[in-house]
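Numbering starts at 1 and runs along the sequence shown.
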Amino acid sequence: MADSEVRRYDLVIVGMGSGGMVAAEFAATLDLKVAVAERARVGGDCLWTGCVPSKALLAAGKVAHHMRTADDFGIEPVEPKIDRGSVWKHIRSVQQEIASTDDNPQRFVDMGIDIVYGSARLTGKNTVQVGDRTLETRYVLLCTGSRPAVPPVEGLQDAGFVTSESLFELEDPPASFVNIGGGPIAVEMVQGFTRLGIPVTLLQKGPRILPKDEPALVGKLVDKLRTEGIDLRFNVETQKVTVENGKKVVHGTEDGAPATWSADELLVAVGRVPNKEGLGIEELGIECTPKAIVVDNRGRTSVDTVYACGDVAGRFLFTHSAAYEGVRAVRDMFFPGKGKVVAAVPWCTFTDPELAHTGMTEAQAREKHGDAIEVWHQDLVHNDRARADGASEGAVMIITDKKKIVGAHILAPAAGEMIHEFALAIEEGVKLSELSQFMHVYPTLGTSISQLAGEAAFEKAGKLRWLVKRK
């Protein structure tokens, strides 16, 4: 078929990142005719600029940290000799391994999916133009993701900076950083940099890092980060950036007082902007806000044949959320009934220890349910595995309303692995005491979950003590 001819599909997906890849694979299993339009590389932000390279960096930093702190376990410590250029090469090798296997374009072609490279534009509710190709389709799924936001700070563009998109393209990272921003990307990177011997100062506009997470556990994490020598600055207003004597200097205020911070490079991590320009959505009348394409709880835009998922839809900006939303959208398009996107979304900031979250924070629960909520809390100093591993700085925190779990927050090694049972519990309306019916392996960090569930069960049993058989 000539490139200029019209091709007909059941589904055209725009963007082959986390959401697009999973949605395409699901649709292919349904024997649907699927095409994906991709303007750059298969794998998207997660593989090339986000989850994969950042976790590889954090793993390298953790090895270096263990070498320095080996005396905590009775082993002679050693200051590691770190070749940061080699660390960056290792990160790229991990990316290439994934790109050549699970994210290999040929794998999707072998499923019967057509990959069309180029920028896509919707020219009608059932047509997508990619270069000189016209793709006719029953449905369109927009999975175009997002990009790093850049604040309008005087002199920033002239001084130059890196973001999560360009950080891992460096051949050899700079000797020091000033980081602007205090969200998950920023916090992960500053710990990873510091452990690899790269001094970092983090500048956060508000009073604390990770403002969407549970403040009680964020405070514990801040204490841990500061013990590692990470320079965290709060209530900072950045006003301008200059270059002086080869250093990049951020000028602003901290708690209202004038201050400056300098380093070899600036890392800007102040949030994300949806990739919705150039898609032709305005001409189709698809409703948008500055932060997202507007979708309903089925993933549909205001044009019923066009769906959107992941970062561009602005619900939750996570790889796993994009994949979930993409599958739910395909289910809604092609199966009877409705495929609502309603799951309790868990997330995790992969510091050491990790900070995981699902459902409501304590403040959110009080605002919605009132002061009748209960907060169950256990520090990891009461967890035998955490003490054995020398990792007892964290805690498990569970919020219940009418005994049902409505929020859970974990600061612990592998907290991201532990949070899933709480996401399921919230989704299924499970009471905390009911988790005591399921055994958790001992000794694990999950023992803390069973201990809190046991407390709830014991409390319930205590109210029924009048039923106890007595002589």
Between the side chain of Ser321 and the main-chain N/O of Leu317, is any donor-acceptor distance below 3.5 Å?
-> no
Mind jotting down which residue pairs meet the side chain to side chain donor-acceptor pair (under 3.5 Å) criterion with at least one end in residues 172-186? Sequence neighbours excluded, please.
-> Ser176-Asp264
Salt bridge (charged side-chain N to carboxylate O under 4.0 Å, His left out) between Arg147 and Glu277, worked out = CA-CA 12 Å; Arg147 62 188 183 276; Glu277 298 83 7; 3.2 Å; yes
Contacts satisfying side chain to side chain donor-acceptor pair (under 3.5 Å) that involve residues 206-216 (not counting sequence neighbours) are Asp213-Trp347, Asp213-His357
Would you say the side-chain atoms of Thr163 pair up with the backbone N or O of Val268, donor to acceptor, closer than 3.5 Å?
-> no
Using a strict 4.0 Å threshold on nitrogen-to-oxygen distance, state whether Asp231 and Arg226 make a salt bridge.
-> no
Ser166 (side chain) donor-acceptor with Val162 (main chain) under 3.5 angstrom = no
Please answer whether the main-chain N or O of Val306 pairs with a side-chain N or O of Thr301 as donor and acceptor at a distance below 3.5 Å.
-> yes
State which residues pass salt bridge (Lys or Arg N to Asp or Glu O under 4.0 Å) with Glu228; sequence neighbours excluded, sorted by chain then number.
-> Arg195, Lys224
Within the side chain of Gln204, is there an N or O that forms a donor-acceptor pair under 3.5 Å with the backbone of Gly182?
-> yes
Is it true that Lys248 and Glu265 make a salt bridge, defined as a side-chain N closer than 4.0 Å to a carboxylate O?
-> yes
Phe422: partners by ring pair (Phe, Tyr, Trp, His ring centres under 6.0 Å), with sequence neighbours left out | none
Are any of the side-chain nitrogens in Glu169 or Arg92 under 4.0 Å away from the carboxylate oxygens of its partner?
-> no
May I ask you to test the Ile410-Leu445 pair for a side-chain heavy-atom distance under 4.5 Å?
-> no
N-O pairing of Glu283 and Arg121 below 4.0 Å | yes
Steps toward side chain to side chain contact (heavy atoms under 4.5 Å, CB included) verdict (Val140, Val128) | CA-CA 8 Å; Val140 177; Val128 178; 3.8 Å; yes
Sub-4.5 Å side-chain heavy-atom contact between Ile449 and Met418 = yes
Give the C-alpha distance, both sets of side-chain angles, the deciding distance and a yes or no for salt bridge (charged side-chain N to carboxylate O under 4.0 Å, His left out) between Asp296 and Arg300.
-> CA-CA 5 Å; Asp296 63 16; Arg300 297 182 306 176; 3.0 Å; yes
Test item: side-chain donor near acceptor, Tyr307 and Asp332, under 3.5 Å | yes
Do you see a donor-acceptor pair shorter than 3.5 Å between the side chains of Glu25 and Thr29?
-> no
Thr242-His251 side chain donor-acceptor pair, cut-off 3.5 Å = yes
Please check if the distance between the ring centroids of Tyr9 and Tyr139 is under 6.0 Å.
-> no
Please name all residues satisfying ring pair (Phe, Tyr, Trp, His ring centres under 6.0 Å) with His320, sequence neighbours left out, ordered by chain then number.
-> Phe318
Asp83 bridged to Lys89 by N-O distance under 4.0 Å | no
Would you call Glu136 and Asn126 a side-chain contact if the rule is heavy atoms closer than 4.5 Å?
-> no
Say whether, by atom type as modelled, one donor and one acceptor occur between the side chain of Glu354 and the main chain of Leu411 under 3.5 angstrom.
-> no
Under 3.5 Å: donor-acceptor pair, side chain of Trp88, backbone of Leu167 = yes
Using salt bridge (Lys or Arg N to Asp or Glu O under 4.0 Å) as the criterion, list what pairs up with Glu421, not counting sequence neighbours.
-> none
Lys/Arg N to Asp/Glu carboxylate O, Glu325 vs Arg315, below 4.0 Å = yes
Report yes or no: do Glu188 and Thr351 form a side-chain donor-acceptor pair below 3.5 Å?
-> no
Between Lys33 and Asp10, is the closest basic N to carboxylate O distance under 4.0 Å?
-> no
